[in-house]
Amino acid sequence: MNKNELQSIQGKCENCGANLEYSINKKALFCDSCGSTVQVNDENKTAKHILNDIDVQNEQNDENVVNIFKCENCGADITLNSFEISKGCPYCESSNVIAIEDIVGLKPDKIVRFEFEKEEASKRFVAHIKKKFFVPRPFKKSTPKQNISSLYFSSFSFDADSHTRYNGRLYRYEKRNDEQVKNVFYVNGNLALKHRDILVESSSKLSQATLNYVLPYNLEKKVDFKQEYLLGFTVERYDNAFRDSVKSSNTIMKRDIENAIVNRYNADGVEELKTNIHYINRFYEYTILPVYFVEYEYKKKKYTTYMNGQTGKVGGKLPKSPIKIAFVSILGILIFAFFVFILPML
């Protein structure tokens, strides 16, 4: 392992010398000691990068590097994993952010900031579960205590224009003589699509499936990345190789293309589909996004639910009532039996 000594930044209050942290509610750096605030000028000037295959192939890799920086407050050495950008000091609890020039690899371009604090996140979580039918009644009435943590995670946003030549077989269900018949038909043609803001997560703490739980983010509110926004938060740089994120964006765009072809013919599904896809005008942006982890225990089982830190959208597993699931299943069977067996005899 190689050691990499880094510089860090730490906000200090000019009035009392205490540490500054970014306040979500005040949208400014805030001193908890004397109540002072320092504004951070929001900007949105940086443009997206052209996706260059050569740059992807020559991507830097720092998996075998141990990053260390000195806490600006107490002087302690702080060790980061290779993906951390911001970390609180374990000795004096002050916030430290790696100086942007010391971040290995790609530098963040944009950030979508948290829009509400943890207390509000808890209220939104409780309101969300009360609307869910399959959640057990006791869980709704007495929601267990939650451990809510915030994370800024790394993602890449991709743009592209695609031109696709396709051929294959689709199918559509049609009703004939009171029966559902699968009608298979051949298709071929050309399709042009514009793909914008295709988000691919790149964090050690999330997966693409987890990101899909809390999408979408309103990227119109993103601003140019500044380290001041990170003071007081846990932040990770991208975990996956950038080339893997590019491949994931290709997979997502290909799925969107196939769905567009199916929708073009009002089909119900695909028997076989061959596509020849050509991408042009490809751009990318490295964006930091906010998410809350809501962790709790119910009937001795641990759960983690996710919440979009900008919009409040909740996703992930929740406790479910076996009785309600059984009731709905039986009701579905009875309705099916009525329409298939009883109604034709009436």
Side-chain angles (χ1 to χ4, degrees), residues 46-63 81-85 103-112 151-164 166 191-219 222 225 235-263 270 273-291 293 304 306-311 313 315-317:
T46 60
K48 295 186 177 183
H49 308 282
I50 297 174
L51 183 58
N52 190 316
D53 290 337
I54 295 177
D55 293 338
V56 174
Q57 294 170 4
N58 295 334
E59 178 185 6
Q60 296 184 51
N61 189 324
D62 65 340
E63 290 182 357
N81 68 43
S82 58
F83 307 115
E84 288 180 315
I85 294 176
I103 298 176
V104 178
L106 301 173
K107 311 297 191 278
D109 298 305
K110 302 288 184 180
I111 183 171
V112 174
L151 172 73
Y152 273 119
F153 69 95
S154 294
S155 72
F156 289 98
S157 171
F158 294 93
D159 292 351
D161 297 334
S162 66
H163 297 273
T164 305
Y166 64 88
L191 179 69
L193 287 181
K194 292 183 181 295
H195 308 267
R196 297 294 180 265
D197 293 326
I198 304 298
L199 281 176
V200 177
E201 69 79 30
S202 185
S203 168
S204 66
K205 291 181 167 49
L206 281 86
S207 65
Q208 190 65 30
T210 303
L211 175 60
N212 292 338
Y213 283 146
V214 298
L215 287 178
Y217 284 87
N218 182 1
L219 296 182
K222 64 189 176 185
F225 173 81
V235 188
E236 286 195 333
R237 67 176 285 271
Y238 58 98
D239 178 16
N240 304 323
F242 178 58
R243 65 177 67 89
D244 293 335
S245 295
V246 174
K247 290 179 182 178
S248 296
S249 74
N250 292 341
T251 300
I252 294 172
M253 289 188 287
K254 182 178 180 182
R255 182 192 63 204
D256 291 343
I257 291 168
E258 292 174 347
N259 288 338
I261 294 171
V262 170
N263 292 334
V270 175
L273 185 63
K274 296 180 180 178
T275 56
N276 184 6
I277 305 171
H278 178 58
Y279 296 109
I280 61 172
N281 301 327
R282 302 199 67 174
F283 296 87
Y284 75 92
E285 199 168 59
Y286 177 7
T287 306
I288 306 295
L289 298 173
V291 67
F293 294 81
T304 300
Y306 307 93
M307 181 181 296
N308 186 312
Q310 180 197 39
T311 67
K313 182 180 178 182
K317 293 182 179 179

Legend entry - Interatomic spacing from OG in Ser155 to NZ in Lys110 - rounded to 0.5 Å: 13.0 Å
Inset, instruction - Could you tell me whether a side-chain N or O of Ser154 sits under 3.5 Å from a main-chain N or O of Ser202, the two making a donor and an acceptor? - result: no
Legend entry - Which atom of Asn308 lies closest to which atom of Val214, heavy atoms considered: ND2-O, 2.8 Å
Inset, instruction - Using salt bridge (charged side-chain N to carboxylate O under 4.0 Å, His left out) as the criterion, list what pairs up with Glu285, not counting sequence neighbours. - result: Lys222
Legend entry - Nearest-0.5 Å distance, OH of residue Tyr286 to OG1 of residue Thr46: 13.5 Å
Legend entry - Main-chain N/O of Ser157 paired with Asp197 side-chain donor or acceptor, under 3.5 Å: no
Inset, instruction - Keeping the roles fixed (side chain from Ser249, backbone from Val246), state whether a donor-acceptor pair exists under 3.5 Å. - result: yes
Legend entry - Least distance between heavy atoms, Thr304 atom then Phe293 atom: CG2-CD2, 4.2 Å
Inset, instruction - Assess whether side-chain contact (heavy atoms from CB on, under 4.5 Å) is satisfied between Thr287 and Leu289, documenting all intermediate values. - result: CA-CA 6 Å; Thr287 306; Leu289 298 173; 3.9 Å; yes
Inset, instruction - Kindly compute the distance separating CG (Asn250) from CZ (Phe158), expressed to the nearest 0.5 Å. - result: 8.0 Å
Legend entry - Minimum heavy-atom distance between Ser245 and Glu201, given as atom pair plus value: OG-O, 4.4 Å
Inset, instruction - Go through Ile280 and His278 one step at a time and tell me if the side-chain contact (heavy atoms from CB on, under 4.5 Å) criterion holds. - result: CA-CA 7 Å; Ile280 61 172; His278 178 58; 3.4 Å; yes
Inset, instruction - Report yes if the side chains of Tyr279 and Thr164 come closer than 4.5 Å at any heavy-atom pair, otherwise no. - result: no
Legend entry - Beyond-backbone contact of Val262 with Glu258, side-chain heavy atoms, under 4.5 angstrom: no
Inset, instruction - Could you verify whether a donor N or O on one side chain and an acceptor N or O on the other, from Thr210 and Ser207, lie under 3.5 Å apart? - result: yes
Inset, instruction - Ignoring hydrogens and angles, tell me if any N or O in the side chain of Lys247 forms a donor-acceptor pair with the backbone of Phe242 under 3.5 Å. - result: no
Legend entry - Residues Tyr284, Asn52; criterion side-chain contact (heavy atoms from CB on, under 4.5 Å); working and verdict: CA-CA 10 Å; Tyr284 75 92; Asn52 190 316; over 6 Å; no
Inset, instruction - State, with a plain yes or no, whether a side-chain heavy atom of Leu193 is found less than 4.5 Å away from one of His195. - result: yes
Inset, instruction - Measure the shortest side-chain to side-chain distance between Leu106 and Phe156 over non-hydrogen atoms and say whether it is less than 4.5 angstrom. - result: yes
Inset, instruction - Measure the CZ-OG distance between Arg282 and Ser162 for me, rounded to the nearest 0.5 Å. - result: 10.0 Å
Legend entry - Heavy-atom check, side chain of Leu191 versus side chain of Ile277, under 4.5 Å: no
Inset, instruction - Kindly write out the residues that satisfy salt bridge (charged side-chain N to carboxylate O under 4.0 Å, His left out) with Asp159, not counting sequence neighbours, or none if the list is empty. - result: Lys48
Legend entry - Nearest heavy atoms of Met253 and Ala160, plus distance in Å: SD-CB, 3.8 Å
Legend entry - Nearest non-hydrogen partners of Pro216 and Thr311, listed with the distance: O-CG2, 3.8 Å
Legend entry - Donor-acceptor under 3.5 Å (Lys313 side chain, Met307 main chain): no
Legend entry - Ile261 CD1 to Asp256 CG distance, which is reported to the nearest 0.5 Å: 11.0 Å
Inset, instruction - Determine, for Asp161 against Arg196, whether the closest basic-nitrogen to carboxylate-oxygen distance falls under 4.0 angstrom. - result: yes
Legend entry - Nearest-0.5 Å distance that lies between atom CZ in Phe153 and atom CG in Leu206: 5.5 Å
Legend entry - Asp109 side chain reached by Phe225 side chain, heavy atoms, under 4.5 Å: no
Inset, instruction - Please work out which of the three classes, parallel, tilted or perpendicular, describes the rings of Tyr306 and Tyr213, given edges at 30° and 60°. - result: parallel
Inset, instruction - Please lay out, stage by stage, how Asn212 and Gln208 fare under the test side-chain contact (heavy atoms from CB on, under 4.5 Å). - result: CA-CA 6 Å; Asn212 292 338; Gln208 190 65 30; 3.8 Å; yes
Legend entry - Heavy-atom side-chain proximity of Leu199 to Leu211 below 4.5 angstrom: yes
